[in-house]
Structure formats: C-alpha cells, structure tokens
Amino acid sequence: MKSNLIIIMADQLRFDVFNRGYTPNIDALMNESVRFSSAYCASPLCVPSRGAFFTGLCPSSNGSLINPWEKRDAKYGDVKSDIENLYSLMEKEWYSIHSGKQHLFTEGGKLEDRDNLTHWASTEKSYKQMLKDNNVRQPGVLPRFKTYVPEMVDGKVTKVAKYSNAETGLYPFDSKYFFDIYFTDEGIKALKQRDKSKPLFYSAMYLAPHPPLEIPEPWFSLVKKDDVFLPENVGKYYPHQSPLQMYNLTGIVGARYSEEEWREAWRVYLGQVALFDECVGRLINELKTEGIYDNSMIIFTTDHGEMLGSHRLFQKMCMYEESSHVPLTIKFPNGEYARDINTHVSHIDVMPTIMEFLNIESKNDFEGVSLLSLITNGDKKGLNRDIFIQYDGNGARSNFQRCVIRNNYKLILDIFKDEMFVELYDLEKDRVESNNLAFYEEYDEVIINMYASLLKHMKDTSDLITLPELDLVSFRNAYSDIPVRQ
C-alpha cells in the first residue's frame, strides 16, 4: 500500500518555542524528521499562506492574496478554479480526512460545501454548531479580547474592523469545548471509522496558538511568569524599522503593551502551545495505535508565525523573522533521512515534494521546487535561488509588503499608499533584525540587485501592484533624520 500522508499545521506558531519543555510530543516527532531550519511561508497571513502551501504556487499566481473578510475584496482570497490543490489530488486514491480550521478558499465556494470525496470531520462551522448545541460560547468573543483597527478596502476606503488583541484570560468552560481539543476529538473519531483498505490522507488544521489568548485549565496556569523566556527584541521598537507598520494591525495593537504585559501574553501563549502539543501527541498516539505511523509521511509546520511583542508588534502580517520564518519538518516512513537542513526553503516547495514522493501527477506548473533530492542525497539543484514573500493586506487589500531572502540577506519593502520604506538585514549577524542596513550606502548594490530580482518575480507572477523606482539616496534623506519620539 502507498504511504499515508499526514499534514499537521498550527496557526501563528513561532519557530523558537520548541525544546523548552512545552512541546515534548512535537519535539519527539521532529527528532524523527527532516528539519528545515530556514523555512519561510509564502505570505504571513492565514488564507494566502494556505493557498500557497496547498498549491505550490505563489499568492499572486494562484490568486489568493488576503483573508476575504471584506465583501468588496473577497475575490482576492480565492485560489483560481483551474488550479489543483492537495485535497483534490489526494482524495482520488487516498481516504481523505480534514479536521480543524478550513482556510483554503477557492473560486466556486468552500471546499467542504462541494461534492467531493474528502471527509470533513470538523471545521470551524461544525465547532460553532457544537458550542451552540451545548449553550457554550467560544473563546475570545468578549469585548476585551478585541481591538478596533482601521482597515483599507482596495487601498482606497478606510473602514473599522475588530481583531484579536494580546489580552489574556481563563476560558471558564470544560476544555472539551476548546476548539483544538474538539478538532482532535472529531479527527480521531474519523480515523477510527475510515476505510482501512485505502492509504490515508489526514489534514489536521489546528487553530492554536492563534489568539485570542483565552484558554482553559490546566494550560492557563501551566506556565509561570518567572519561567517565561522573552526574546531580546520583545517590547523594543528599533529606530529604523518600518514606521508604516503603525498603519497596520501589527503596530496599532502591538505598540500599546509594556514589557510586563508582553510577559503575561507570552505566559498564556506558551500555555496554548502546550495545549496544542498535547493535541498533536494524541493524534500521533492514535496513528501508532492504528499501526500507520511508521508508514506515514508526516509534515509539521504552521501557516505563519507570531510577533508577540517582537519589534513591539503583534500578530503576523509583516516580514520579520518571528512572522515569516516557520518551523517545517517532514517525517518519512520509518524515520528515514532524519537530520537538519539549513538551505532556504519555502512553503511552496512542500506540494512538489509530496507529489514526487507519492508519485502523483498534477497539472499545476509549480513555482516551488521538490525537496526530495536535497533530502535524499543533498542535491541542491534548483534551490540556489531567492525566496519571495508577499503581503497584500489582512481582511482587504490595503497595506502591501514584499520580501526577498538571498543567502544571509533579507530585503523588505513596506508600502502604504504612496510611501515605501526599505529595510535590509543580515540574518547571520543580526537575527533579531535590529540594524537596518538600508541606511548604509555600502549595501546599496546588494539592495539594487535584490530589488531587480523582486521586480522580475512580480512580473512573472502577475503581481497586482507596481513598485516605485528605487532611490536609496532620497530614501535615506527622507528618513534618517526623523527620530522616534519617546
């Protein structure tokens, strides 16, 4: 029988929370996996990140650019109808189960509402119905867990929207009503009831540790404030980081919290990470009980990261490491090939890797590269390339960012209306991205070359935005003498 495929995807999980005592089950899985230490999402936002992951195509190519919450811009959240996704390919031969958050949006309606072969064990819709049936509210719906922020529609009209903030609280109901525990319960039920004559495709799309930070016991009290590790850039606003983040949810919400308040947010976030790890452990144990763990390809990742106070920002929606750098591991059957790989890779590389390993044909002209040769024999053919990341707004097209990663350098372009801010960081020397090298003219050639590469990529992928002509002298003159007023 062909190998099983298990996808385990967190939501808003930082890459630096592992091997600290909160994730024993995930750590054990990683020890049996190929571990990519330099993996990046294609977009630091839920829907477009998943669109890229499940198609092997960049957001501008597949059409999914934003979370489609604003009706006037909703079409920009959908993967184009002529593009195949992992679900549509796997369900032809594999017994296909989805349990959890369903944020892969496609033209023609939601996947779970279509006549398809995937078994939808649970979704956010079924979760809300379960809560309604039991007269229980979902976490984070109380007013104090939301903050009003401005959001532009199509980059032209400003509306006001509400999004989760970093406030913490104890979810006062039984833990069985918490979304990820429900997703795990329903998924395990579906696993037990599956057609065992077929190989398994199981997509476990968790919501944790995405805010709201209102979680049940025992996880709410699990982590003590004194035990919280705070990265050095938490609560710090660096002089030459992009001021345009203050027009974005990241800065509007994140800038209001003190270091002590961030410590409390971290305490509960880590508790939610531990809750998520327990859910993963239950799933892994069930795979072992069913006798299919050893013959499974298990991919573990997150759609994007979480700033959680780094650069004094909150949530994702930016190109800094805490938001765009993601954990990515692949366990092959019987733990073969397990080791660390530090080559830059992207989420769009996962689909072609799966297709090659499982010998599946797809009509998609993948922009990602299969990692199988790199994994099996160290062949880096096709992987000496730039990594591109894009952001086109949250619930509507509004703020725009583009990013290029080449070797040790990361170039970030932050655009709001007619303003573009340039950032360049050396990730080897400055992992916390505190020193913007765009303010040193000796790096101009590096920026110019990476900018040219980005322009070509944007043209090749039919990007909807156009970048202005790059003028680094004028840029430095405009921004170098504007201090951050404390």
Side-chain angles (χ1 to χ4, degrees), residues 3-13 23-26 28-29 46 50 53-54 85-88 90-91 94-104 110-114 116-131 133-134 136 138-139 174-210 215-216 219 272-303 329-331 354:
S3 296
N4 308 294
L5 173 63
I6 316 296
I7 307 286
I8 302 174
M9 182 179 285
D11 193 329
Q12 221 145 304
L13 179 65
T23 55
N25 296 300
I26 297 171
L29 175 64
C46 300
R50 292 162 198 262
F53 180 90
F54 284 110
N85 62 71
L86 187 60
Y87 290 86
S88 63
M90 295 301 297
E91 66 184 14
W94 279 254
Y95 189 90
S96 179
I97 298 173
H98 169 103
S99 192
K101 179 174 181 175
Q102 209 305 75
H103 269 191
L104 172 61
K110 293 184 177 180
L111 289 179
E112 63 268 34
D113 295 334
R114 298 183 188 179
N116 55 45
L117 299 176
T118 294
H119 301 267
W120 301 94
S122 69
T123 63
E124 287 176 289
K125 181 179 179 181
S126 70
Y127 170 65
K128 290 177 182 178
Q129 184 60 51
M130 181 274 293
L131 293 181
D133 293 343
N134 288 277
V136 174
Q138 69 183 76
D174 192 294
S175 61
K176 68 182 180 181
Y177 296 117
F178 197 74
F179 31 75
D180 286 301
I181 292 175
Y182 165 78
F183 293 153
T184 305
D185 290 343
E186 296 303 306
I188 288 176
K189 288 179 189 177
L191 271 177
K192 293 178 183 291
Q193 297 166 3
R194 76 188 189 282
D195 180 353
K196 298 183 181 181
S197 68
K198 293 183 176 182
L200 171 68
F201 168 53
Y202 184 101
S203 180
M205 298 288 108
Y206 286 98
L207 192 55
H210 191 297
I215 67 173
W219 298 279
Q272 193 167 2
V273 168
L275 184 157
F276 166 63
D277 179 78
E278 183 163 318
C279 292
V280 173
R282 289 181 57 205
L283 173 57
I284 295 296
N285 287 338
E286 185 60 31
L287 295 175
K288 291 178 178 178
T289 299
E290 295 284 324
I292 57 177
Y293 177 80
D294 289 336
N295 190 36
S296 293
M297 180 189 204
I298 303 179
I299 297 173
F300 175 84
T301 190
T302 181
D303 54 355
T329 66
I330 303 177
K331 186 200 81 71
I354 294 171

Has the side chain of [X] got a donor or acceptor atom that lies under 3.5 Å from a matching backbone atom of [Y]?
X    : Y    : answer
E91  : L117 : yes
T302 : Q12  : yes
R194 : L191 : yes
K101 : E124 : no

Are [Y] and [X] an aromatic pair, judged by ring center distance below 6.0 Å?
X    : Y    : value
Y87  : F54  : yes
Y206 : F179 : no
H119 : Y95  : yes

- Does the cation-pi check pass for K288 over Y293, that is, NZ or CZ under 6.0 Å from the six-membered ring centre and within 45° of its axis?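 Flagged: K288 positioned over aromatic ring of Y293.
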- E112 vs K125, salt bridge (charged side-chain N to carboxylate O under 4.0 Å, His left out): CA-CA, chis, key distance, verdict: CA-CA 10 Å; E112 63 268 34; K125 181 179 179 181; over 6 Å; no
From [atom1] ([X]) to [atom2] ([Y]), nearest 0.5 Å:
X    : Y    : atom1 : atom2 : answer
N295 : N4   : CG    : CG    : 5.5 Å
L86  : R50  : CG    : CZ    : 13.0 Å
S3   : L200 : OG    : CG    : 11.5 Å
F178 : C279 : CZ    : SG    : 8.5 Å

- Query: Pick from D277, D185, D180: which one makes a salt bridge (Lys or Arg N to Asp or Glu O under 4.0 Å) with R282?
  - Reply: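 Among the candidates, only D185 passes.
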Any chance the side chains of [X] and [Y] put a donor and an acceptor closer than 3.5 Å?
X    : Y    : answer
Q102 : T123 : no
S122 : Y127 : no
D195 : S197 : yes

- By ring pair (Phe, Tyr, Trp, His ring centres under 6.0 Å) - contacts of W94 (at least two apart):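 Applying ring pair (Phe, Tyr, Trp, His ring centres under 6.0 Å) to W94 gives none.
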